[in-house]
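Model, not experiment: these values are computed from the prediction.
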Amino acid sequence: MKTPEEIGRMSPEQLEAESAAQEACVPQDLERRIMETLAADEIASAVPARRPFRQTLWLPLSAVAAAAALFLIFRSATPGRPLRDTYDDPYLAYAEVEKTFRTISDKLSTGTKLVRQARETAGKPREILDKTQSR
């Protein structure tokens, strides 16, 4: 076997003669595998890009949250225990609702930040693989 330096010094005619003199071991199904790879690449490029995480799961998560809220409302309104007002002052009740929504929003913001960080970290192996395959 020749070194890369020796191959670099050879003329194109010498390279052709050398390659013709040696037997190349080519797999029998090489052409089929190449065609399958090209077809798979075309199919993969025709598939639309995936929607971001938040668009994909927004509707199902909302439905689950609404179902849970309805379950809790109907569960607390059992025939033996009628619903009653917790606050006599509507302004105080409204302030409590705002406080609760603010707490939920803060928790969701924290979770969203964690998901963004995880998405960046999870994307690193894919970037490395793409760079490796493009070489």
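For the pair Glu6 (side chain) and Thr3 (backbone), a donor-acceptor distance under 3.5 Å is present. Under a 3.5 Å cut-off, the side chain of Gln133 and the backbone N or O of Asp130 do not form any donor-acceptor pair.
Considering CZ of Arg102 and CD of Glu98, their distance stands at 6.5 Å, rounded to 0.5 Å. The line from OG1 of Thr121 to CZ of Arg116 is 14.0 Å long, rounded to the nearest 0.5 Å. Here CG of Leu30 is found 11.0 Å from CD of Gln28. Values are rounded to the nearest 0.5 Å.
Within a 6.0 Å sphere centred on CG of Asp106, heavy atoms belonging to other residues, nucleotides or ligands number more than 12. No more than 12 heavy atoms of other residues, nucleotides or ligands lie within 6.0 Å of CD in Glu31, so this atom counts as exposed by the packing criterion.
Applying the under-4.5 Å side-chain rule to Ile, Leu, Val, Met, Phe, Trp and Tyr, the cluster around Val97 extends to Phe101, Ile104, Leu108. Alongside Ile7, the hydrophobic cluster contains Met10, Leu15 (criterion: ILVMFWY side chains under 4.5 Å).
Ion pairing between a basic and an acidic side chain is recognised when a charged N comes within 4.0 Å of a carboxylate O; Lys131 and Glu127 show no such pairing.
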- Passes side-chain contact (heavy atoms from CB on, under 4.5 Å), Thr132 versus Ile128? Steps please. CA-CA 6 Å; Thr132 304; Ile128 293 169; 4.2 Å; yes
